[in-house]
Chemist: 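Below are the C-alpha cells for one structure; questions will follow.
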Amino acid sequence: MRILLSTVPAHGHLFPLLPLGRALASRGHQVGVLTSGALAPALENEPLELVAAGPAMDAVFAESARRNGDDGTAVPSFAMVATLFADVRVALAGAESLRAAEQWRPDVVVHEATDLVGPLVAAALDVPLLTHALGPGHPPELVKAFAEAAAPRYAEFGVDAPVEAVGRKYLDICPPALQFPGWQPPADRLPPRPEPHTVLPPAPPVFDAPAGGRGRVLVTFGTHFTAPEIVSPVVRGLTGQGFEVAVTVGLGRSAADYGLADDVRLVPFTPMARLLSHVDVMVTHGGAGSVLSGLSHGLPLIVVPQAADQFIQAELVAAAGVGVAVRPGEDLAHALDRAADPSVRDRARAVAAEIAALPDAAALAESFPDVVEAL
C-alpha cells in the first residue's frame with residue numbers, strides 16, 4: 001500500500017506518527033510524510049519518504065498573528081486554535097500539499113489530529129482517512145471550531161469539509177486516565193500504544209544508573225520551549241532539594257546559554273526514549289508527547305505549562321493524580337515534594353501499566369490493510 005502520513009510541521013506533531021510509519025514500512029508498505037520541508041532533518045534516517053509541501057510552522061504562526069493580532073501561543077481560545085490550524089495553515093499549505101499528494105498517489109491518508117491538510121487531501125483524492133491522536137481527544141467545542149474554520153478553505157478546493165475533520169478510524173494513543181472527564185471515544189477507535197520518541201538506530205540510555213540522594217529529576221521542555229529565560233528559572237527552583245537535576249537543552253543551544261550551577265547535569269537535545277531510564281520525577285512543559293512518554297515509564301510529572309494545550313495537559317495530569325500542575329510563580333520545591341509522594345508514583349505506575357497493555361505499532365501495522373479495507 002501507499003500510505004501518506006500528514007502532519008503539522010512541528011516535531012511534537014511528527015514524532016507520535018513515527019512508530020506507526022516505521023512499522024508500516026517494515027512490512028513493505030511505501031510510507032510518505034506530507035509536511036513542510038523544514039522537517040527534512042528529522043526524517044533523514046527514517047524509512048519514510050518526505051512529501052514536502054507548505055511553509056514551516058513559524059510562517060503559519062506569523063500569518064495568524066498578522067490576521068488576528070495574536071499567534072495563540074499563550075492560552076489560546078478554541079477559535080484561535082481553529083484559526084491557526086484549520087484556516088491559516090490550510091490556506092498557506094493546502095494547494096501545494098494537494099499537488100504533492102496527487103503526484104504521490106496515496107491509497108490512504110493518516111493525519112494527526114491537529115492537521116487539517118490531510119483530511120483535505122483525502123477528500124479531494126477520494127481515499128480513506130484515519131486520524132491519529134496526539135494526546136487527549138479534542139473537546140466538542142474545538143471539534144466544532146475546526147469544522148467551521150476549515151469549511152470555507154475546503155470549499156475553495158471544491159471539497160466538503162468533514163463535519164468533525166476526522167477519519168473513519170481513530171487511532172487513540174491516550175490512556176483513559178488522561179482523557180477529559182466525560183469524553184466519549186469515537187465508535188471506530190483503535191488504541192495503539194504511545195511510544196517515546198527514538199531515532200534509528202536506537203542508542204543506549206543517557207542515564208545508566210540510579211542517582212544518589214532522593215533520586216533524579218529530569219527537566220525537559222521539548223523542542224520549542226527551550227529558551228534559557230524559560231528553562232533556567234525552573235531548574236533553579238528545583239536545586240538544593242536533595243535530587244540530582246538533569247536538564248535537556250534546546251536544539252542549537254549550548255550549556256553556556258543557560259547559566260546554571262555546576263552540579264546541574266546538562267544534556268544536549270536527545271530523543272525522549274534515551275532519557276527516561278533511572279529518572280524519578282519528570283518536569284515538563286506539558287506537551288502531549290512529553291506527558292505520555294513520562295507516563296509510559298511511570299514517572300510522576302511536574303507540568304509547568306508555557307502555551308497552547310499545555311495548560312489543559314497540566315490540569316489533566318493533576319486530575320489524574322499522576323503529577324502536579326504548577327502555576328506561574330508557584331514554589332517548585334513544594335511541587336517537587338508533592339510529585340515525589342508515594343501515592344502519586346503509584347498512580348503514575350498504574351497508568352504506565354495501562355499503556356504497556358495496549359498493542360504496539362507493529363500489531364497495528366500487521367492489521368492495517370484489513371482496517372483500511374473495512375473503511
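If you're wondering where the values come from, they're calculated on a predicted model, not measured in any experiment.
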Chemist: Looking only at heavy atoms, what is the nearest atom pair of F157 and G94, with distance?
Modeler: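 Shortest heavy-atom separation between F157 and G94 comes out as CZ-C, 3.8 Å.
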Chemist: Do the ring planes of Y170 and W183 sit parallel (below 30°), tilted (30 to 60°) or perpendicular (above 60°)?
Modeler: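 Aromatic pair Y170/W183 classed tilted.
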Chemist: Under 3.5 Å, is there a donor-acceptor pair linking the side chains of T131 and H111?
Modeler: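 Checked: T131/H111 side chains pair up, N/O donor to acceptor below 3.5 Å.
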Chemist: Would you give the length of the straight line joining atom CZ of R338 to atom CG of L336, rounded to the nearest 0.5 angstrom?
Modeler: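 Rounded to the nearest 0.5 Å, the CZ-CG separation comes out at 10.5 Å.
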Chemist: OG/S26 to CD/E366 distance, rounded to the nearest 0.5 angstrom?
Modeler: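 That separation rounds to 10.5 Å.
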Chemist: Quick one: CE on M282 to CG on L301, what's the gap to the nearest 0.5 Å?
Modeler: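 Rounded to the nearest 0.5 Å, the CE-CG separation comes to 6.5 Å.
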Chemist: Parallel under 30°, tilted from 30 to 60°, perpendicular over 60°: which one fits the rings of F146 and F85?
Modeler: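 Perpendicular, since the angle between the ring planes exceeds 60°.
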Chemist: Below 4.0 angstrom, N of the basic side chain to O of the carboxylate: do R66 and E63 qualify?
Modeler: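 Salt bridge: yes.
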Chemist: How long is the gap from CD on Q310 to NE2 on H285, to the nearest 0.5 Å?
Modeler: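 So the gap between those two atoms works out to 4.5 Å.
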Chemist: Under 4.5 Å between side-chain heavy atoms, hopping through other hydrophobics if needed: is there a path connecting I173 to M272?
Modeler: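 No: no chain of side-chain contacts under 4.5 Å links I173 to M272.
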Chemist: Please give me the minimum heavy-atom distance between D115 and R89, naming the atom from each residue.
Modeler: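 Nearest heavy atoms, D115 then R89: OD1-NH1, 2.5 Å.
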Chemist: Checking the side chain of R214 only, and the main-chain atoms of F243 only, is there a donor and an acceptor separated by less than 3.5 Å?
Modeler: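 A pair under 3.5 Å: no.
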Chemist: Minimum heavy-atom separation for V127 to D107, with atom names?
Modeler: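 Smallest heavy-atom distance, with atoms named: CB-O, 3.6 Å.
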Chemist: First locate atom CG of L218, then atom CG of L299, and finally report the distance between them rounded to the nearest 0.5 Å.
Modeler: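 Answer rounded to 0.5 Å: 8.0 Å.
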Chemist: Do the side chain of E96 and the main chain of G54 share a donor and acceptor less than 3.5 angstrom apart?
Modeler: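 Between the backbone of G54 and the side chain of E96 there is a qualifying donor-acceptor contact (under 3.5 Å).
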Chemist: Under the criterion side chain to side chain contact (heavy atoms under 4.5 Å, CB included), I'd like the reasoning laid out for L375 against L130: C-alpha separation, chi angles, the key distance, then a yes or no.
Modeler: CA-CA 9 Å; L375 296 178; L130 293 84; 3.8 Å; yes
Chemist: Can you see which heavy atom on A335 is nearest to which on V324, and at what distance?
Modeler: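 Nearest pair, atom of A335 first, then V324: O-CG2, 3.9 Å.
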Chemist: Are side-chain heavy atoms of V206 and R265 found at a separation under 4.5 Å?
Modeler: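 Yes; the side chains approach each other to less than 4.5 Å.
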Chemist: Is the backbone N or O of T7 less than 3.5 Å from a side-chain atom of T35, with the two atoms forming a donor-acceptor pair by type?
Modeler: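 Here the side-chain-to-backbone pair exists.
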Chemist: Establish, for the pair R27 and F368, whether the NZ or CZ atom is under 6.0 angstrom from the six-membered ring centre and no further than 45 degrees off its axis.
Modeler: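 Output no; distance or angle outside limits.
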Chemist: Under the 3.5 angstrom rule, does the side chain of S77 hit a backbone N or O of M80 as a donor-acceptor pair?
Modeler: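 Checking the backbone N and O of M80 against the side chain of S77, a donor-acceptor pair under 3.5 Å is found.
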Chemist: Please report the interatomic distance CG(L43) to CG(L48), rounded to the nearest 0.5 Å.
Modeler: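 Going from CG on L43 over to CG on L48, the span is 6.5 Å.
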Chemist: Do the non-hydrogen side-chain atoms of D280 and R345 ever get within less than 4.5 Å of each other?
Modeler: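 With C-beta onward as the side chain, the pair touches.
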Chemist: Just so I know, are the side chains of R347 and P300 near enough to count as touching, which here means a heavy-atom distance under 4.5 Å?
Modeler: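 No - every pair of side-chain heavy atoms lies 4.5 Å or more apart.
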Chemist: Hey, any chance L17 and V199 share a hydrophobic cluster, counting ILVMFWY side chains that come within less than 4.5 Å of each other, even indirectly?
Modeler: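 The answer is no; the residues belong to distinct hydrophobic clusters.
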Chemist: How close do P19 and A361 get, heavy atom to heavy atom, and via which atoms?
Modeler: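 In this case the closest contact between P19 and A361 is O-CB, 3.5 Å.
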Chemist: Tell me if a side-chain donor or acceptor on T284 pairs with a main-chain N or O of G286 at a distance below 3.5 Å.
Modeler: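 Yes, because the side chain of T284 sits within donor-acceptor range (under 3.5 Å) of the backbone of G286.
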Chemist: Taking the side chain from H29 and the backbone from M1, do they hold a donor-acceptor pair closer than 3.5 Å?
Modeler: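 Checked: pair present.
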Chemist: Looking at D331, I'd like to know if its CG atom is crowded, meaning that more than 12 non-hydrogen atoms belonging to other residues, nucleotides or ligands lie closer than 6.0 Å.
Modeler: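 Count over threshold, so yes.
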Chemist: Mind checking whether L134 and L364 sit in one hydrophobic cluster, side chains of I, L, V, M, F, W, Y counted as touching below 4.5 Å?
Modeler: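 L134 does not cluster with L364.
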Chemist: Would you check if L200 and R22 make a side-chain contact, meaning some heavy-atom pair closer than 4.5 Å?
Modeler: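 They are in contact (side-chain heavy atoms under 4.5 Å apart), so the answer is yes.
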Chemist: Got a donor-acceptor contact below 3.5 angstrom from the E102 side chain to the L125 backbone?
Modeler: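 Not at all, since once roles are kept as given, no pair shorter than 3.5 Å links the two residues.
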Chemist: Is the distance between the ring centroids of H197 and F15 under 6.0 Å?
Modeler: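 Ring-ring flag for H197/F15: true, centres closer than 6.0 Å.
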Chemist: Between L332 and P233, which heavy-atom pair has the shortest distance, and what is it?
Modeler: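 Distance-wise, the nearest heavy atoms are CD1-O, 4.4 Å.
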Chemist: Go through it in stages, so that I can follow the logic: the residues are R153 and E156, the test is salt bridge (Lys or Arg N to Asp or Glu O under 4.0 Å), and I'd like the CA-CA distance, side-chain angles, deciding distance and then a yes or no.
Modeler: CA-CA 5 Å; R153 292 301 178 191; E156 295 172 2; 3.0 Å; yes
Chemist: Taking the side chain as every heavy atom from C-beta outward, state whether P136 and L316 have any pair of such atoms under 4.5 Å apart.
Modeler: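 Side-chain contact under 4.5 Å: yes.
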Chemist: Donor-acceptor check, side chain of D172 to backbone of P191, threshold 3.5 angstrom: yes or no?
Modeler: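 It does not hold such a pair.
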Chemist: Does V247 reach the side chain of Y258, with side-chain heavy atoms less than 4.5 Å apart?
Modeler: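 No - every pair of side-chain heavy atoms lies 4.5 Å or more apart.
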Chemist: For a 4.5 angstrom cut-off between non-hydrogen side-chain atoms, does S36 reach M57?
Modeler: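 No, too far: nothing below the 4.5 Å cut-off.
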Chemist: Taking a hydrophobic cluster as the set of Ile, Leu, Val, Met, Phe, Trp and Tyr residues connected by side-chain heavy atoms closer than 4.5 Å, whether directly or through intermediates, do L238 and F221 fall within one such cluster?
Modeler: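 L238 and F221: one cluster.
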Chemist: For S296 and S293, indicate whether the former's side chain and the latter's backbone hold a donor-acceptor pair under 3.5 Å.
Modeler: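 At least one qualifying donor-acceptor pair exists.
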Chemist: R216 side chain to A246 main-chain N or O, any donor-acceptor pair under 3.5 Å?
Modeler: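 Between the backbone of A246 and the side chain of R216 there is no qualifying donor-acceptor contact (under 3.5 Å).
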Chemist: In terms of hydrophobic clusters joined by side-chain contacts under 4.5 Å, are V317 and V279 together?
Modeler: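 Hydrophobic grouping puts V317 with V279.
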Chemist: With heavy-atom distances below 4.5 Å as the criterion, would you say the side chains of P175 and L292 are in contact?
Modeler: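 With C-beta onward as the side chain, the pair touches.
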